[in-house]
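See below for the structure under consideration.
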Amino acid sequence: MDHHDKILILDFGSQYTQLIARRVRELGVYSEIKPFSIPLQEIRMLSPKGIILSGGPASVYAADAPLPDPGIFDVNIPILGICYGLQVIAHLLGGEVTRAPQREYGRAELQVEDAAHLFAGLGKSLDVWMSHGDHLTKLPPGFQIIAHTANAPIAAIHHLNKPLYGIQFHPEVVHTPRGAEILANYVFKSCRCRGDWNASSFVERTVIDIRTRIAKKRALCALSGGVDSTVAAALVGRAIGERLVCVFVDTGLLRENEAEEVCSFYQHADFEFRFVDASQRFLAKLRGVVDPEEKRKIIGHEFIRVFEEEAKQLGTVDYLVQGTLYPDVIESVSTRGPSATIKSHHNVGGLPDRMKLRLLEPLRELFKDEVRRVGRELMVPSFILGRHPFPGPGLAVRILGEITPERVDILRPADRIFMEELRASGHYDQIWQAFAVLLPIQTVGVMGDERTYENVVALRAVTSLDGMTADWADIPRDLLARISNRIINEVKGVNRVVYDISSKPPSTIEWE
Ligand code: XMP
């Protein structure tokens with residue numbers, strides 16, 4: 001997979017590290033994040049065309065400051081230090097970094113002193129975003145100041161005869177409007193990258209790579225109907241065709257018409273597709289269970305059993321395909337919060353070991369939006385690519401209390417109506433995730449002249465970047481009114497609809 005130019009990003013713990021990687025990739029150049037402590041030997045093996053040192057919360061002069069192998073300055077690979085990264089360069093090469101008299105945070109106007117290199121084509125003055133408590137007070141020998149701001153006399157530097165650059169501001173954030181051009185100058189002019197990283201070149205290379213790796217062997221994949229497993233399967237299917245067998249299990253906890261929709265697409269795919277209707281099994285196991293964690297455990301366990309039974313009929317299989325994405329792979333030094341482990345639910349936990357399968361994770365280099373682009377390239381339909389995330393345990397964690405076929409039949413149409421209205425009004429694509437939840441209580445209502453005592457449906461819709469934090473979506477009042485009206489009128493057994501206005505944290509996105 002190493003036929004393309006690569007920029008290495010050493011992570012010093014900045015909240016923006018992944019953003020740097022995204023921006024570089026948006027320029028058509030592949031980038032990879034590694035911990036700041038990666039040994040020089042390993043860097044050499046990766047043979048990057050450039051190294052970016054990220055920002056970070058530490059002070060370079062602190063006793064336990066994170067610092068890279070100083071040998072990186074001698075390998076003649078262009079280096080760009082951003083914020084803390086700039087201070088690392090200065091500190092290790094003989095400059096001086098001290099606490100600034102005043103912390104600088106927010107917008108600043110950068111005055112360019114040398115309009116070549118990083119600032120080529122960008123004019124004399126630029127809006128930039130600053131966020132730092134330390135600053136440079138002395139240039140390291142051999143360096144020159146190339147820009148300043150009112151508060152930071154040394155806001156950007158470069159070495160007079162080595163490809164070393166440092167900037168105090170953040171080019172990766174949207175508040176530095178011309179940041180992408182600064183990064184472009186670095187990756188194209190200094191690092192001489194080609195800019196040939198895109199969805200179609202990715203597909204081309206990965207298909208060749210998978211063919212070589214798998215040779216005549218067979219692979220197995222559990223499809224969930226979501227974006228990641230579908231794109232992973234489509235990619236592996238393109239490479240090895242029917243030697244990939246995909247299994248889609250209907251747990252009885254899917255959304256309305258989901259099994260039919262997903263099957264009708266997969267039936268025409270490159271790979272062998274197997275549909276297993278295990279809904280009765282799952283519902284039987286869940287009878288009487290109300291505890292959310294117990295529901296999850298039962299479903300996970302049952303899923304593995306169904307999958308194993310299916311796999312046994314196939315004879316020898318060597319690989320298990322999983323739709324793991326880059327954010328789950330990065331060994332980042334940034335803290336990712338307690339909910340980071342949620343992601344492990346997406347995988348078929350425990351299976352590879354039990355079945356002695358090797359893992360094939362063709363999307364492990366990609367961010368979510370890149371997966372969508374690769375999916376488009378592979379002709380995966382937009383109804384799958386644009387889908388909101390759906391949890392492995394499905395509707396089980398959205399039916400609070402006991403799961404019965406009757407309660408599944410109440411939640412499904414309510415959820416469908418919610419999605420129909422979001423789609424029709426153009427809100428679906430602006431929302432990270434939306435769904436209906438069936439509450440385990442009944443309330444009094446009046447329909448016609450009759451008193452009713454029926455179920456409550458809660459609507460949940462959130463905006464988010466990665467599911468780690470989220471805010472409730474501000475859906476217009478008339479749309480909420482229409483959804484509520486339709487659910488109460490069309491779904492038998494519901495006489496009340498409420499809207500969830502909690503953010504994450506302190507709430508979570510799902511209710512269980
Ligand atoms: P929470 O509810 O923890 O959810 O804020 C964050 C994201 O993860 C999804 N989620 C799950 N996905 N298995 C999954 O595959 C699970 O058990 C699970 N629980 C939550 C959730 O839908 C949201 O996108």
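We count ligands from 1, going down the list as the structure has it; atoms in each ligand are counted the same way. Everything numeric in this text was worked out from a predicted model, so none of it was measured.
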Below 3.5 Å, can you tabulate the donor-acceptor pairs from side chains in residues 382-403 to any protein atom, sequence neighbours excluded?
from	atom 1	to	atom 2	distance (Å)
R387	NH1	G225	O	3.1
R387	NH1	E258	OE2	3.4
R387	NH2	E261	OE1	3.3
H388	ND1	A434	N	3.1
H388	NE2	Y428	O	2.9
H388	NE2	I431	O	3.0
R398	NE	E510	OE1	2.9
R398	NH2	E510	OE2	2.9
E402	OE2	G288	N	3.0

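The closest donor-acceptor contact from the side chain of R25 to the backbone of I20 lies at 3.5 Å or more, if one exists at all.
Considering each of E510, K295, R296, the one bringing a non-hydrogen atom nearest atom 19 (N) of ligand 1 is R296. The heavy atom nearest to atom 23 (C) of ligand 1, out of those in E293, Q433, E512, is found in Q433.
Below 30°, between 30° and 60°, or above 60°: for F12 and Y84 the angle between ring planes is between 30° and 60°, a tilted geometry.
Inter-residue side-chain proximity for N495 and T443 is flagged as met; some heavy-atom pair is nearer than 4.5 Å.
Between G467 and ligand 1, no pair of N/O atoms sits closer than 3.5 Å. When only interatomic distances are considered, the shortest N/O to N/O separation between P393 and ligand 1 does not fall below 3.5 Å.
Which parts of ligand 1 touch T508 is read off a 4.0 Å heavy-atom cut-off, strictly below it: atoms 1 (P), 2 (O), 5 (O). Near K504, the atoms of ligand 1 lying under 4.0 angstrom from a non-hydrogen atom of the residue are 1 (P), 3 (O), 5 (O), 6 (C).
Applying the side-chain hydrogen bond (donor to acceptor under 3.5 Å, both in side chains) criterion to Y266, with sequence neighbours excluded, gives T230.
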